[in-house]
Amino acid sequence: LTTSSQMTIYQSLPPTVRVQTQTQVESLIEPVLTGMTGVILLVILDVLRWSIIHLIGLSVLVGLAWTFVAVLLSREYPKALIQALSKRRLGNIKYLVNEQSISSLIRSRLATSDTADALYLLNLLQETDPGALVNLLPQLLNHPAAAIRQDVLRRIEQSKLVSAGQAVRKLLATEPKLEVRAAALRTAIVIDPDAVLTQAASYVESDESLIRVAALAGFMRSESIPGRELAEKYLQRLLNSASLAERLIAAQAVGEIGLQSLYQPLLKLLQDDDLDVRRAALAAAGQLKNAHLWPSVIRNLSVKAIRSVAISALNNADASILPLLASEMSDIRREAEVGVYTRSSLAQQIVRICGRLRNTSTLEPHLDFPDAAVREQILNALVQTHYQAADAPLIEDQIRQEIADDLWYLQGLVLLKDDPLLPTALNYLLERLRARVFLLCTFIYDPQTIIRARSDYYSHSEAQRSYALEV
């Protein structure tokens, strides 16, 4: 109990002061004071031989002194907390859970904080006192910042806080900003669909596309059977519409709904003749993360105008995409082996996705990928996953092959040393070769040792360079 309380108090201090104070208290002050207390007790009991009355009187005086100091500190503690909150430097959150002074302080500051501070405080209150946050959410719908009102609506929707229904519907009726009003509509439908079901037709036929998307997403997410049937009917009509605007709304709605079972309509939209519809469909595919959608997303990479959106969708992918990536990587490798490098950029995107997913099985077979730039990216991705090769001789052979294949760089530097341009390019290629060799070494030796050796190798100190080569 005492340790937990002390750790809670430390969290309000600046990080450098926190560590310094904790170290001084635990390593110096506590042991010294404990020893002094023992000496004083020995003097009182064995030398002065105080009676029980004297000991009681001393205890009362010590208790009064402690109380006086505690009162003084209790006045300074909220100030330190406010300062820590304003600078977002509170320490370990686990020590602040159920700390009522922090919870009440956060609640008192939420209404007056700006957007960034309020979002920080909301997340902090979610960690320290979730129950208090739930009770506070309806009140925060009146926050002056639109971004905070939207965030509060998201939290109400996620927790399905039915008790906030009246406050959400009031916001829906009075909110001036369209984005917040759409979020309020979706939240109102999800937490209490029956309350807005009578107005459903007007919402799904609204002139504002955001309102139509919010209504469709809300009813599809809700537990209202009539509401879901109505939304499904309108969504099907939009998907098959000849109108570009309606197909665009359909793609946005599928993404907002986020149900993987809706992947089939997206397959059609991912091949739409209009690129705006395809962009919306690609964004929705990134939200759904359905394995059936990834082949169509990858095919859209060939369209330059929407390539960035397709890449963004692929970057949101989960492990369901890995078999497809492995197949694509093998196809690109076969093309590269015959001198066709047109899809090297796609290979680089595949490597990035595998690295983000911490997947090594897709990358491991391509340690000797024909394109050097892609190969180096593969090696870097594997290093990030702390990859260690099971077959050390294979990696040693690859190191030798790297050096043998690029030996002509060194020959070129010798033969063309007087050329004004070529040595610079050859030196760059040689540095890339060295980088790949260092990366390969981390797969079969201690990575930290290799990283230090690489740092020493590029040092200006001749001794460090010699040591790196020896390692």
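When reading the values below, keep in mind they use all heavy atoms of this one structure, side chains included, and skip hydrogens, waters and symmetry mates. In what follows, residues are counted from 1 in the order of the sequence shown. As the structure is a prediction and not an experimental result, all values here were calculated from the model.
For CG of Leu469, the number of neighbouring non-hydrogen atoms (other residues, nucleotides, ligands) closer than 6.0 Å is greater than 12. Annotation: Gln166, atom CD; neighbour count of heavy atoms from other residues, nucleotides and ligands within 6.0 Å does not exceed 12. Open room surrounds CG on Asp273; 12 or fewer heavy atoms of other groups in view lie less than 6.0 Å from it. Counting heavy atoms of neighbouring residues, nucleotides and ligands inside a 6.0 Å radius, atom OH of Tyr387 exceeds 12 of them. Residue Gln158 places its CD atom among more than 12 non-hydrogen atoms of other residues, nucleotides or ligands, all under 6.0 Å distant.
Of the possible donor and acceptor atoms, one in the side chain of Gln377 sits under 3.5 Å from a partner among the backbone N and O of Gln348. Under a 3.5 Å cut-off, the side chain of Asp151 and the backbone N or O of Ala147 do not form any donor-acceptor pair. The backbone N or O of Thr442 lies less than 3.5 Å from a partner atom in the side chain of Gln388, making a donor-acceptor pair.
Between Asn300 and Val297 there is no side-chain heavy-atom pair separated by less than 4.5 Å. A 4.5 Å side-chain heavy-atom check between Arg155 and Leu133 finds at least one atom pair inside the cut-off. A heavy-atom distance below 4.5 Å is not found between the side chains of Arg279 and Leu282. Asn316 has its side chain out of reach of Gln287: every pair of non-hydrogen atoms, C-beta onward, lies at least 4.5 Å apart. When side chains are defined from C-beta on, Arg343 counts as touching Asp331, because their heavy atoms get closer than 4.5 Å. Within the 4.5 Å cutoff, side-chain heavy atoms of Leu440 are placed close to those of Glu402. Between Cys354 and Ile350 there is a side-chain heavy-atom pair separated by less than 4.5 Å. Within the 4.5 Å cutoff, the side chain of His460 has no heavy atoms near those of the Arg465 side chain.
Of all non-hydrogen atoms in Leu288 and Gly255, the two that sit nearest each other are CD1-CA, 4.2 Å. The two residues Ala250 and Leu238 make their nearest non-hydrogen contact at CB-CB, 3.7 Å. The shortest heavy-atom contact between Leu270 and Ser296 is CD1-CB, 3.6 Å. The shortest non-hydrogen separation linking Val309 to Ala283 is CG1-N, 4.2 Å.
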For a salt bridge (charged side-chain N to carboxylate O under 4.0 Å, His left out) check, start with the C-alpha distance between Glu256 and Arg186, then their side-chain angles and the critical distance, and finish with the verdict.
CA-CA 10 Å; Glu256 280 291 310; Arg186 187 179 63 244; 3.3 Å; yes
Check the pair Leu161, Ile191 against side chain to side chain contact (heavy atoms under 4.5 Å, CB included), reporting the backbone distance first and the verdict last.
CA-CA 6 Å; Leu161 189 61; Ile191 64 174; 5.6 Å; no
Walk me through whether Ser320 and Asn290 qualify under side chain to side chain contact (heavy atoms under 4.5 Å, CB included). CA-CA 7 Å; Ser320 64; Asn290 189 293; over 6 Å; no
CA sep, side-chain torsions, deciding dist, call: Met329, Val351, side chain to side chain contact (heavy atoms under 4.5 Å, CB included): CA-CA 9 Å; Met329 198 70 180; Val351 174; 3.8 Å; yes
### Task
List the steps, then state whether salt bridge (charged side-chain N to carboxylate O under 4.0 Å, His left out) holds for Arg247 with Asp272.
CA-CA 9 Å; Arg247 295 200 308 278; Asp272 198 278; 2.7 Å; yes
Discussion item. Is there a side chain to side chain contact (heavy atoms under 4.5 Å, CB included) between Arg375 and Arg432? Walk through the geometry before answering.
Written reply: CA-CA 11 Å; Arg375 186 164 71 249; Arg432 303 283 19 103; over 6 Å; no
inquiry  = Between Arg334 and Glu337, is the salt bridge (charged side-chain N to carboxylate O under 4.0 Å, His left out) condition met? List the steps.
reply    = CA-CA 5 Å; Arg334 281 191 288 271; Glu337 286 172 346; over 6 Å; no
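Ring planes of Phe438 and Tyr458: tilted class, angle from 30 to 60°.
Judged by a 6.0 Å distance limit and a 45° cone about the ring axis, Arg228 is not positioned over the six-membered ring of Phe219.
Note that the CZ atom of Arg356 and the CG atom of Asn315 stand 6.0 Å from one another [nearest 0.5 Å]. Rounded to the nearest 0.5 angstrom, Ile249 CD1 and Leu210 CG are separated by 9.0 Å. Between His143 atom NE2 and Leu122 atom CG the span is 8.0 Å, to the nearest 0.5 Å. Note: Leu267 CG to Leu262 CG = 11.5 Å, rounded to the nearest 0.5 Å. For the atom pair CG (Leu185) and CG (Leu171), the distance works out to 11.0 Å, reported to the nearest 0.5 Å. Once rounded to the nearest 0.5 Å, the distance linking CD1 of Ile156 with CG of Leu137 reads 5.0 Å.
Between the side chains of Arg333 and Ser330, no donor N or O sits under 3.5 Å from an acceptor N or O.
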